[in-house]
Each structure stands twice: as C-alpha cells, then as structure tokens.
Amino acid sequence: MVWNTNLRWRLPLICFFLEVALVVLFGVFVRYDFEADAHWPEEKRHRNIASDFENDFYYRYPSFQDVHVMIFVGFGFLMTFLQRYSFSAVGFNFLLAAFGIQWALLMQGWFHAFQDGYIFIGVESLINADFCVGSVCVAFGAVLGKVSPIQLLIMTLFQVTLFSVNEFILLNLLLVKDAGGSMTIHTFGAYFGLTVTWILYRPNLQRSKERQSSVYHSDLFAMIGTLFLWMYWPSFNSAVSNHGDAQHRAVINTYCSLAACVLSSVALSSILQKKGKLDMVHIQNATLAGGVAVGTAGEMMLMPYGALITGFISGIVSTLGFVYLTPFLEAHMHIQDTCGIHNLHGMPGLIGGIVGAVTAASANSQVYGYEGLLHAFDFEGTKRNRTTELQGSFQAAGIFVSMAIALVGGSIVGAILKLPCWGQPADENCFDDEIYWELPEKQENAIYHSEDPALKPETP
Amino acid sequence: MVWNTNLRWRLPLICFFLEVALVVLFGVFVRYDFEADAHWPEEKRHRNIASDFENDFYYRYPSFQDVHVMIFVGFGFLMTFLQRYSFSAVGFNFLLAAFGIQWALLMQGWFHAFQDGYIFIGVESLINADFCVGSVCVAFGAVLGKVSPIQLLIMTLFQVTLFSVNEFILLNLLLVKDAGGSMTIHTFGAYFGLTVTWILYRPNLQRSKERQSSVYHSDLFAMIGTLFLWMYWPSFNSAVSNHGDAQHRAVINTYCSLAACVLSSVALSSILQKKGKLDMVHIQNATLAGGVAVGTAGEMMLMPYGALITGFISGIVSTLGFVYLTPFLEAHMHIQDTCGIHNLHGMPGLIGGIVGAVTAASANSQVYGYEGLLHAFDFEGTKRNRTTELQGSFQAAGIFVSMAIALVGGSIVGAILKLPCWGQPADENCFDDEIYWELPEKQENAIYHSEDPALKPETP
Amino acid sequence: MVWNTNLRWRLPLICFFLEVALVVLFGVFVRYDFEADAHWPEEKRHRNIASDFENDFYYRYPSFQDVHVMIFVGFGFLMTFLQRYSFSAVGFNFLLAAFGIQWALLMQGWFHAFQDGYIFIGVESLINADFCVGSVCVAFGAVLGKVSPIQLLIMTLFQVTLFSVNEFILLNLLLVKDAGGSMTIHTFGAYFGLTVTWILYRPNLQRSKERQSSVYHSDLFAMIGTLFLWMYWPSFNSAVSNHGDAQHRAVINTYCSLAACVLSSVALSSILQKKGKLDMVHIQNATLAGGVAVGTAGEMMLMPYGALITGFISGIVSTLGFVYLTPFLEAHMHIQDTCGIHNLHGMPGLIGGIVGAVTAASANSQVYGYEGLLHAFDFEGTKRNRTTELQGSFQAAGIFVSMAIALVGGSIVGAILKLPCWGQPADENCFDDEIYWELPEKQENAIYHSEDPALKPETP
C-alpha cells in the first residue's frame with residue numbers, strides 16, 4: 001500500500017467544500033435569536049424585560065469564553081506533549097474545532113433550536129457547539145499522531161452528527177440532566193475515540209515509538225493546556241445550567257472536585273513509582289479527572305464533600321489507568337490510545353454518569369426545596385410526575401445510550417477512516433510533524449517510508 | 001554612522017520623563033466617572049438606578065479583560081516567533097503598551113470624555129485605551145526586530161495621538177460605526193506601520209536574515225499568542241457595542257467569521273505548497289483575518305452566513321498575501337514587513353471597512369426593526385435624518401480618512417524615527433535580543449557591527 | 001545526615017491523610033450558601049430579590065476566574081524561569097494550591113462564615129480561598145528549589161491557618177480594609193516566606209548555583225506567568241470589593257498603577273546595567289509591584305494619578321531590590337530568596353499598606369460623598385463613630401500585625417520544616433527536577449549527594 005501524504009489537492013478541496021456547504025446551510029437556516037437580533041429593544045417591551053442585563057448574553061458570556069479557551073488552548077496545548085508533533089496537535093485541533101463548531105451549530109440547531117424553518121442561535125448555542133466539539137477533541141486524543149487532518153475533518157463531520165443524536169436522545173427523550181457532559185461529551189467522546197483507534201490499529205507502530213514521548217519543554221507546553229482546562233472547568237460545568245443557584249453550585253462543586261483530584265493523582269503517581277517520583281503524564285491528565293466526574297452532578301445538590309469524594313476517587317482511577325490499564329489495552333486489545341483518553345474521559349465519564357444518577361435518585365424536596373426540586377430537574381410538563389428515583393434510572397440509561405452510540409458510531413466511522421485515501425501516514429511516520437508541516441528546522445535521523453511520494457527528498 | 005545601542009541613559013530618561021509627564025497630566029485632568037466614583041450610592045438614587053448591576057462595569061468588564069489579554073499576551077506572544085528576538089517581542093510590546101494605554105487615556109479622553117475641564121474615565125475608557133494601543137501593536141509588527149525600544153516609545157507617543165485624531169474624525173464627525181476597529185485600529189495601524197517601515201528601509205537587512213525566522217519551539221510560543229487573539233476576538237469586537245443585542249450579535253458574528261477563516265487559511269496554505277504542507281506562519285496569522293474583517297460589521301445585522309463569507313474570503317486574501325504579496329513588497333517596494341501585518345491587518349482591515357459600509361448601506365427597518373435601526377446606527381440628534389445609504393457612504397469615507405492619516409502620519413513619524421540618535425541597531429544586528437537584553441546564554445556565531453560601542457566585548 | 005528524597009510512602013500518605021481529613025471536615029461543616037443552594041427560587045421570594053442577576057455569582061464570577069488563573073498559571077509559570085526546575089515550580093505550585101484552597105475554605109470559613117454549626121460557601125469564599133493560597137505561593141517563591149513537596153504541604157497547612165488568623169484580626173477586629181491583600185497576602189506572605197527560608201538556610205547552596213538561573217526558553221515560559229498576573233491583577237484587587245463603584249474603581253487604579261510600574265521598572269533595569277541592557281528578572285517581577293502596592297488603596301479614592309505615582313515608585317523600589325538588596329540579604333543575612341519575593345511582595349506590600357493607611361486617613365465626605373464614605377469604610381455598627389484618621393491608624397496597625405504574625409509564625413513553621421524527615425534535597429541537589437520527577441531526558445553532568453538512596457543509579 002502506498003501511503004501518500006501529499007495533501008495538496010485533497011485537503012484544500014475538502015476544506016473548501018465543507019466551508020461552502022456551511023455557508024449555504026447557514027444562509028438557508030441560521031438566524032440570530034431574539035436576544036441577538038436588532039429587534040431586541042422592541043422585544044424587551046413585548047416581553048416586559050426591564051433591563052438589558054436580562055439578555056442571556058450577560059448570564060453566560062463569561063462562562064462561554066472560558067469554555068472556548070478550554071477547547072482551543074486547553075485541548076490544543078495539552079496534546080503538545082509529543083516532542084515532534086506539537087504543530088499538528090495544536091494546529092489540527094484548531095482546524096477540526098473551527099470546522100466542528102460551525103457544523104455543530106447546524107446539527108444541534110436542527111435538533112434543539114429549529115422553529116419555523118430556522119435555527120435561532122445565541123450565546124448558549126455557541127457554548128453547546130463548543131461542547132460538541134469538545135467530544136471530538138477527546139476522540140482526537142486517542143488517534144493523535146496517527147491520522148491526517150483530512151481524517152480528522154471527516155471524523156468531526158460524523159462525530160458531531162452522532163453527538164447531536166445522542167444529546168437529543170438524552171436531553172429531549174430520556175429527559176436527563178448532563179450540564180457538564182459527563183455522558184454526552186466525555187463518555188461518548190472517549191468510547192467513540194477508542195473504537196476508532198481500535199479499528200485503525202497499526203501493527204507496526206513501534207517503528208515510531210521514539211517520537212511517541214515528550215521532551216522537557218514540550219511537557220511544559222502541555223501544562224499550559226492542563227492548567228487552562230483545570231482552572232476553567234467550573235465554567236464548563238456551569239455554562240448551560242439554570243441561571244442563579246445552579247450555575248453557582250456547579251462552579252463550587254467542580255472547584256472542589258478538581259482540588260481533591262490533584263491530591264489523589266499526585267499520591268498515586270508517587271506511590272506507583274519505585275523511587276516515589278512523579279510522572280508529568282499524570283500531573284497533566286489525571287488531575288483533570290475530577291472535572292469530568294462532576295459534569296453531570298455538578299449542578300445538583302452533590303454537596304461540597306460529595307464533590308471532594310468524587311474528585312478524590314477519580315484521581316485514583318485515572319492514575320491507575322495511566323499506569324496499568326493503557327499499556328494493557330495496547331498490548332492485549334490493540335487499543336493504541338495516544339493520550340490515554342480512557343483514563344481522563346472514559347472512566348471518569350462513567351463515574352460522572354453514575355454519580356449523576358445516584359445524586360438524582362437521592363434528590364428530595366427537603367434538600368432542594370419544593371420549588372427547587374422542580375426547577376433543578378425540570379419536573380414540569382411531560383416530566384411532571386417523574387419521581388427522583390425514576391430520574392436516576394433515566395440518568396443511568398443515559399450512560400448506556402451514550403456508550404452504545406459511541407461504539408456503533410465509532411465502528412462505522414472507523415471503517416470509513418480506514419480507507420487508504422485520506423493521506424494518513426505509514427506506521428513508521430507517525431507522531432511526526434514533518435509529514436504535514438514545513439518545519440523551521442531539519443529533523444535528524446528521520447526514517448521515512450520510502451514509497452511515500454510526499455516524502456521523497458527534492459532533487460537539488 | 002555609528003550605531004550606538006547602549007541605552008543606559010536615553011531609555012531611562014525617556015521613561016522617567018514620559019511617566020512624570022503622565023502623572024502631572026493625570027493629576028490635572030483625569031478623574032473617575034460617576035460609575036467608579038464613591039458618590040455612586042447617591043448617584044444611583046439621583047438617576048433612578050435600581051441595582052448595582054446597572055453599573056457599566058458589569059456590562060463590559062468581562063470583555064475588557066479579554067481585550068487586555070489580546071494586547072499583552074496575544075500580540076506579545078504572537079511576535080515571539082522570531083528565534084532570537086522573543087524577549088524583545090514580548091518585552092517591548094509590554095513596554096509600549098503600558099506607556100500607550102496611559103497616554104491613550106489622556107488623548108482619547110481629551111477628544112471624547114472632556115467635561116468641565118476633566119477627563120472622566122471608566123471601564124469603557126480602559127477598553128478604548130487598549131484598542132488604541134492595539135493599533136500600535138499592529139504597527140510594531142512591521143518594524144519588529146529593526147527598532148530600539150526608544151523608537152517604539154516615540155512611535156507610540158505619536159501614533160496614539162494620530163489614532164485619537166482619526167477616531168474623532170470617524171466616530172464624532174463622520175459619525176460612523178467601527179466597534180471592532182477594522183478602520184480605526186487595523187487599517188490605520190497597518191498602513192501607518194507599513195509607511196514607517198518603508199521610511200526606515202534597511203538596504204543590508206539580509207545580513208540579519210539568518211535570525212529572521214522561527215525555530216520549532218518559538219513557533220509554539222507564537223501559537224499561544226495566536227490562540228488567545230483568536231478566542232478572545234469576539235470580546236474585542238463587542239466590547240464597546242451597545243448593551244444587549246449588539247454585544248451579543250458581535251460575538252456571534254466574530255465567532256463565525258473566525259471559524260470560516262481557519263478553514264480557508266488551511267486550504268490556501270496547503271494548496272500553495274508543492275507537497276501540500278502547512279506553514280505555521282499562515283496558521284499563526286491568516287487564521288485571525290476573519291476577526292479583523294468583521295470589526296466594523298460585527299455589531300450589525302451581517303447575518304451568520306455573512307460572517308462566514310467574510311471570514312472565508314479573509315483567510316484566502318491573507319494567506320495569498322503571505323505567500324506572494326509580502327515578498328513582492330519587500331523586493332520591489334522596499335517594504336520590509338517583519339510580521340506580514342499587511343496580510344493580517346491591512347487588507348483584512350480594508351475588507352472590514354468595505355463589509356461595514358455595504359452592511360450599513362443595506363440596513364433597513366425590516367431587518368433591524370424601526371427602533372432597532374435607530375439604535376444600531378445612532379440615528380438621532382444630528383444624525384436623525386441620515387439614510388442608511390448615506391451612512392454607508394460615510395462608512396466608506398472612513399476607510400479613506402484612516403488610510404490618509406496613516407500614510408501622512410506614518411511619513412512624519414518615520415522621518416522622526418530615522419534620526420540616528422534613538423539607539424537603533426545596525427542592519428547586521430537586527431532580530432537579535434543580545435543588543436538590548438542580558439541573555440542567560442551566550443549566542444554563538446554572533447556577527448556584530450564592530451563600531452557599536454555597546455557591543456565591544458568586555459576586557460576580562 | 002542522610003538526605004532521603006525517595007517520597008514513595010511519605011508523599012502519598014500525607015496526601016491521602018490530608019484529603020480524607022478534608023472530606024470529613026467538609027462533610028461535617030461545609031454547605032452551600034443561600035445563593036448556591038437549590039432553595040434559591042424560594043429565597044428570592046423571601047428576600048424580595050427581583051432577578052437571578054442579583055445572585056452574587058454574577059457580580060463576582062468573572063473576577064474569580066481571573067484570580068484563579070493568577071494562582072495557578074500566574075504564580076505557577078512565573079516560577080518556571082529556573083532552567084531545570086520548571087516541573088517542580090508549576091507542579092508543586094499546583095499541588096500546594098489545590099490542597100490550600102480546600103483547607104482555606106475550612107479555616108476562613110470557621111473564622112468568617114460560621115453560622116449554626118456550618119460554614120456556608122459561595123463564590124466569594126472561593127475567591128478568598130484563592131487569596132489565602134496566594135500568600136502561600138508568595139512564600140513558595142522564597143524557598144523554591146530547596147524544599148520537598150511534603151514540606152510545601154506542611155507549610156501550606158500552617159500558613160493557611162496563620163493567614164486566617166491574621167485576616168481575622170485585621171478585617172474583623174481592627175476592622176481595616178485590604179481588598180487586594182497588600183497586608184494580608186503580600187506583606188504577610190513575603191515576610192513569612194523570608195523567615196522560613198532564613199531558618200532553612202543552606203550553607204552549601206553554591207554547589208547548586210549552576211542550576212539557579214534561567215535559559216532562553218524558560219524565561220519565556222516565565223513571561224506567560226508574568227503577563228497573566230499583570231493583566232488580571234485588576235480583578236484580584238477588585239474581586240471582594242463592594243459591588244458597583246468600588247469594584248470599578250479598584251480595576252482602574254490597578255490598571256494605572258501597573259502601567260506606570262512597567263515604565264519605571266524598565267528604566268531602572270536599564271540604568272543599572274553597564275550597557276543599558278534589560279534584565280528579564282526585572283521585567284518578569286518588578287513590573288508587577290504596582291499591583292501589590294495598590295492592593296489596599298485600590299478600592300479607595302486613590303485617584304488615577306495617585307495610582308500612577310504608587311506604581312511608579314514601586315517599580316523603582318522593586319528593581320533596586322533585585323539589583324542590590326537580594327544579593328545583600330543573601331550574603332550578609334543568610335536569606336536565600338530564590339525568586340526575590342522581598343522585592344515583589346515584601347517591600348511593595350509595605351508600600352501598599354502605607355498607601356492604604358494614608359489614603360484612608362485622608363478620606364473625607366467631600367471626596368467620597370457622605371453615603372459613599374460610610375459605604376467605602378463600613379462606618380456602621382461598631383465602627384459607626386470611627387474617624388478616617390483613626391481608620392488610617394488602624395490600617396497602619398494592620399501592617400505591623402501582619403509582619404508580626406509572619407515573623408513569629410514563620411519561625412515556628414521554619415523550625416518544623418527543618419526536621420530532616422521531609423524528603424528535602426541536599427545542598428548540591430537543589431533546583432533540580434530530577435530529584436522528584438521522572439524526566440523525559442537524562443540530565444548531563446549531574447552531581448548528586450552520593451548518600452541519597454533515592455539517587456543511587458539503578459543497577460542495569
């Protein structure tokens with residue numbers, strides 16, 4: 001098989017095609033919602049809105065900006081730990097996310113905000129689009145270094161669609177709560193990504209092993225990503241919650257969970273090393289598991305100590321995963337998980353769904369207040385008579401639905417991506433920016449698949 | 001000519017002189033506006049303001065913080081791509097911006113907020129000062145590596161003044177809208193900077209060529225700058241818009257335009273390289289053009305698909321500029337544009353002005369609502385009878401005025417900066433931190449102009 | 001003495017013990033305050049709160065996020081300047097802060113928010129916890145490179161307690177104002193840290209001297225920290241101020257002070273170097289002194305020119321400190337201050353306390369308005385009859401109390417940390433990540449204390 005990584009026509013064509021399609025679809029469907037439309041002064045009068053401050057923009061914009069930073073800098077830089085793949089990590093994350101947020105505005109719009117033939121968007125749509133793309137960034141972590149940007153665009157195209165379907169089932173049919181996406185973003189994204197990488201298994205990946213590690217300064221670049229994810233996660237888990245106490249509470253719960261997670265990650269990292277030394281991979285990744293694990297329950301009355309316990313356990317599970325589970329999955333199940341997403345998004349996502357289900361099931365009007373309980377779980381309309389125990393069961397069902405769609409969808413998309421026409425690199429050319437980028441410096445000791453026409457040296 | 005880069009007396013003297021002058025002028029003129037003054041509790045009663053939340057601080061502070069990050073980290077780190085000039089890039093940007101925002105508070109204050117002999121400042125003043133300094137950061141990009149910090153302070157002194165004059169003409173005389181500064185910041189800043197660098201043309205700059213490029217990790221530092229500019233641009237374009245729908249809409253338009261811009265920048269970068277490889281320069285710069293290009297129209301009813309089209313075109317124009325136009329301008333017109341600001345701020349700024357003019361001219365009360373139209377374009381008072389077509393013409397006039405002031409002002413300032421007394425480096429010592437900084441490590445293979453007394457090696 | 005830096009049991013055990021204790025204490029004591037509790041819909045009715053926007057979350061969350069970034073990225077990356085200690089700098093800062101914010105929620109909660117046997121927390125509690133931990137980050141700067149993570153956790157345990165005691169005395173007994181913590185955070189944190197490092201004096205530290213400096217790219221990583229601290233300091237100084245004008249004013253004062261500080265820091269850095277070259281250490285640190293120095297007076301009617309003067313002086317004092325005082329303290333007083341915290345937090349903290357005292361003493365109802373004066377200084381209840389001159393005296397007393405508690409507390413904690421059982425490195429193994437981290441690359445020319453069992457090479 002010839003691995004042709006010269007993307008000179010394929011990549012531009014797919015980018016142009018996608019963007020033109022987006023423009024047409026936006027032209028047909030997408031409009032500003034009433035809070036972003038110039039009719040707002042009149043709308044305020046009609047709806048008896050006293051102040052401009054009741055515009056949802058002011059409730060959600062600060063959180064939106066933090067989520068935006070998590071998607072582009074958080075994920076983008078977290079993946080720069082690879083010594084020779086940093087350009088691709090941050091650059092391809094940039095590309096897939098820029099495409100993904102546009103496609104998500106349409107997809108999620110059709111499912112959630114379609115009215116009179118139009119999709120009406122506001123700041124909450126932007127947040128939800130960023131969330132959707134977050135699940136693609138998660139999956140990217142599993143295939144990082146082994147795929148071409150074209151494969152990433154295709155994966156984004158399908159994954160955004162599957163995410164929107166899953167989200168619709170969970171939020172609109174099962175009527176579960178998942179404000180921080182433990183199920184819709186992390187569980188779904190991780191198991192989708194793991195399935196894809198399993199299908200795209202590379203038997204000779206060890207030929208690229210020397211590049212599948214960090215160097216001192218690339219670990220520092222990755223810490224930039226880690227810290228922006230860690231610090232802004234309270235915004236992530238509260239960005240789409242109800243105004244008032246729910247946003248406030250989700251911030252507190254996430255803050256607590258992440259703090260506890262750091263301590264248990266550090267403890268495990270040390271105890272599992274012969275000389276007690278810490279491993280940057282754990283500090284970069286496992287410390288974030290607490291944020292994933294309170295995605296669902298963050299806006300619920302989890303209680304601060306409940307958040308601490310959740311974070312504490314997540315850090316342990318995540319670090320154990322990095323040390324034992326990821327190597328096992330690679331050696332025995334052919335799952336080559338570059339970033340260890342199973343340890344940060346997979347297992348903690350499941351924890352998050354479970355914690356959410358339990359917290360929902362044990363909710364009652366004493367803890368929440370009568371009105372508070374109705375408000376927190378939207379027990380109105382069709383959900384009017386749902387008990388909290390039933391809500392808990394639906395929450396749990398949400399975990400299974402997310403997993404199922406992830407596994408089935410991941411298989412289909414993996415099969416599509418396995419076609420040899422997307423410009424993917426040969427097994428010995430993985431984790432190497434040289435393949436897709438004009439690098440400022442020559443890379444020494446490069447071993448290239450000699451048949452790849454893109455890599456034949458230029459005759460001087 | 002002797003290039004004396006020892007700044008030991010000149011730099012401190014100019015810093016002290018400027019700061020003392022600023023203190024005196026602030027003492028004479030600058031006061032807190034009523035929302036930042038301790039009389040606020042009484043003012044609230046007088047003005048029938050119900051809640052502290054009506055203080056403009058809450059409407060604008062989150063956006064202000066993002067703009068602040070763009071000026072200091074965004075521009076500062078974007079320019080660290082130069083392998084041996086990162087200290088100067090981020091450090092001199094820090095210096096000129098810290099000086100510039102103080103001088104801008106005065107300058108813009110005299111033009112816009114002068115009342116009873118005082119300049120009253122609030123958070124919107126801080127935003128506008130940051131905006132003004134943004135145009136200096138733009139111009140810095142053209143002369144980066146070839147000027148001393150003293151020249152930068154002088155350039156800032158004059159450019160802030162010219163910016164304020166231009167801004168006054170556009171916003172107060174022509175009564176145009178330019179919330180995101182496509183004309184006042186980007187067009188003005190770019191053509192000013194290009195004029196200055198043309199006047200400061202260095203015939204032997206190729207002697208420093210080996211340093212006028214990046215290395216692997218300096219490109220990553222630059223991506224930090226790129227991403228913070230890209231992510232926070234919605235705040236930049238909405239920070240001074242009307243409360244409510246205008247701020248909300250400008251965020252949505254900018255988000256969309258920037259997303260589309262990424263796809264077309266990547267497409268062009270790939271298609272213009274023989275093997276389809278991407279160039280970090282394009283990913284760092286061209287992907288931002290969409291933000292510049294919706295600076296004017298962002299708060300207008302550009303429609304999401306209109307924003308996508310604008311961003312899409314901007315990415316194409318910008319990348320073509322980097323590949324073809326900048327080398328051409330350097331070879332044939334003696335314009336040595338270090339950062340390619342013409343491609344990110346010049347041409348996209350013109351696009352932004354044009355898009356703004358067209359969008360304004362085609363505005364009507366159906367799209368905006370009757371009240372909305374008046375509100376969006378301030379069609380009241382002296383502007384009461386202005387038609388949207390006339391508004392569009394004035395918008396277009398704003399482009400020309402900005403260009404004119406940039407070219408004339410740039411010529412004058414360029415001539416002043418050409419005086420050989422400002423500590424500028426010789427042609428062979430450009431792009432080199434060693435000139436102005438105590439570096440932690442020795443630079444190998446340094447070639448220095450032997451006459452510069454600042455660079456004679458110390459006798460041991 | 002045997003320096004055993006193998007932390008394999010001690011570090012995990014202390015992390016587990018601390019976290020379990022925190023979980024238990026949170027379970028017993030910590031609850032959401034009424035604005036984060038699900039009873040909020042009912043509470044709104046009881047308290048006649050018209051809109052969700054009156055939830056303190058919306059007033060303070062944007063500022064909280066900026067403070068959070070300052071603690072984790074600002075301090076964390078500022079300390080990465082050390083060429084071979086960046087992992088420990090950012091990693092240990094992460095650990096001590098994650099532990100510290102949890103412990104601070106309890107400690108400060110017992111002192112300030114204890115009601116009916118519970119500690120009620122909201123976003124302002126999170127901000128105050130971050131503030132408290134900020135003082136630990138300050139102290140960390142003095143001992144950076146010379147302590148183990150266990151020592152840092154112990155230092156955090158005690159320092160958070162001492163901070164809370166000091167804060168209680170100042171804010172609740174002396175009834176002073178110190179919104180930005182010039183006294184409670186910076187003065188206290190710095191003199192505490194300096195006392196600890198004095199007690200932990202290392203006579204043979206010169207054996208590690210070769211690593212106690214930066215390299216080109218570590219100075220750039222540190223600039224990330226510097227800039228995020230600098231840009232977000234307005235949020236830091238306004239985060240807990242009264243709603244409305246106080247928050248707005250503190251932002252303006254801090255913005256101005258920091259801008260002036262940059263100019264005087266650059267001036268001094270240049271004038272004190274033989275060839276006028278700038279020193280990155282000054283640009284990274286002294287430029288921040290202006291923020292420290294308006295911590296107390298920031299929310300007062302300091303006036304913009306007053307803020308400029310304060311910042312201007314702080315930059316001079318700070319840079320002089322770096323050039324002359326820190327070496328003096330090291331050579332003659334055995335104070336090995338790794339980051340020069342005395343120059344950034346110590347002296348500017350004192351300046352801040354003094355400026356606060358003077359500004360308070362000179363306050364009057366003409367400048368503040370009658371109501372404004374009462375509101376600004378909480379002249380109500382027990383403080384009803386306090387004059388501004390008396391307030392000024394109390395402010396000054398606050399400086400002395402903070403210093404006293406810092407010196408006494410620092411001595412006790414220093415003595416505890418001097419015990420040889422905490423896994424601290426030998427004098428020749430300081431400033432070296434290799435001691436506590438699995439590094440991706442081997443360090444050349446490592447000189448290790450041969451007795452340390454943790455550092456014996458593994459037999460192959």
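Residue numbers start from 1 in every chain, and the chains themselves are labelled A, B, ... in the order their sequence lines are given, proteins ahead of strands.
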- [ ] Verify the ring-centre separation between B:His68 and C:Trp230: is it less than 6.0 angstrom?
- [x]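 So the answer is yes for these two rings.
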Open item on the list: Is the distance from the ring center of B:Phe16 to that of C:Phe312 below 6.0 Å?
Closed with: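 Yes; C:Phe312 has its ring centre under 6.0 Å from that of B:Phe16.
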Open item on the list: Between C:Ser235 and B:Tyr61, is there a side-chain donor-acceptor contact under 3.5 Å, judged purely by atom types and distance?
Closed with: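 The criterion, which ignores hydrogens and geometry beyond distance, is satisfied for C:Ser235 and B:Tyr61.
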TODO: Go through the side-chain N and O atoms of C:Ser264 and B:Glu19 and say whether any donor and acceptor fall under 3.5 Å apart.
DONE: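 Note: C:Ser264 and B:Glu19 side chains miss the donor-acceptor criterion.
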What part of [X] is in contact with chain C, defined as an atom under 4.5 angstrom from a non-hydrogen atom: side chain, backbone, both or neither?
X	value
B:Trp437	both
B:Arg60	neither
B:Phe228	side chain
B:Asp130	both
B:Gln102	side chain
B:Phe29	neither
B:Phe94	both

Task: Geometric cation-pi criterion B:Arg84 and C:Tyr216, 6.0 Å radius, 45° cone - done: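 Here B:Arg84 passes the 6.0 Å and 45° test against C:Tyr216.
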Task: Student check: side-chain heavy atoms of B:Tyr32 and C:Asn253 closer than 4.5 Å - done: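 Side-chain contact under 4.5 Å: yes.
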Open item on the list: Any non-hydrogen side-chain atom of B:Phe99 less than 4.5 Å from a side-chain atom of C:Val262?
Closed with: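 No. Closest side-chain heavy atoms not under 4.5 Å.
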Task: Under 3.5 Å: donor-acceptor pair, side chain of C:Lys277, backbone of B:Leu439 - done: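 It does not hold such a pair.
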Open item on the list: For the CD1 atom of C:Ile283 and the CZ atom of B:Phe87, what is their distance to the nearest 0.5 Å?
Closed with: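 The CZ atom of B:Phe87 is 10.5 Å from CD1 of C:Ile283, to the nearest 0.5 Å.
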Task: Side-chain ion pair, C:Lys275 and B:Glu438, N-O less than 4.0 Å - done: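 B:Glu438 and C:Lys275: not salt-bridged.
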Task: Flag if over 12 foreign heavy atoms under 6.0 Å of CZ, C:Phe377 - done: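 Correct, the count exceeds 12.
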TODO: Inspect the surroundings of OH in C:Tyr370 and state if more than 12 heavy atoms from other residues, nucleotides or ligands are less than 6.0 Å away.
DONE: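 Not buried by this count: 12 neighbours or fewer within 6.0 Å.
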Task: Identified side chain to side chain donor-acceptor pair (under 3.5 Å) partner of B:Asn55 from the options C:His243, C:His248, C:Gln247 - done: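 Going through the options one by one, the only one that passes is C:His248.
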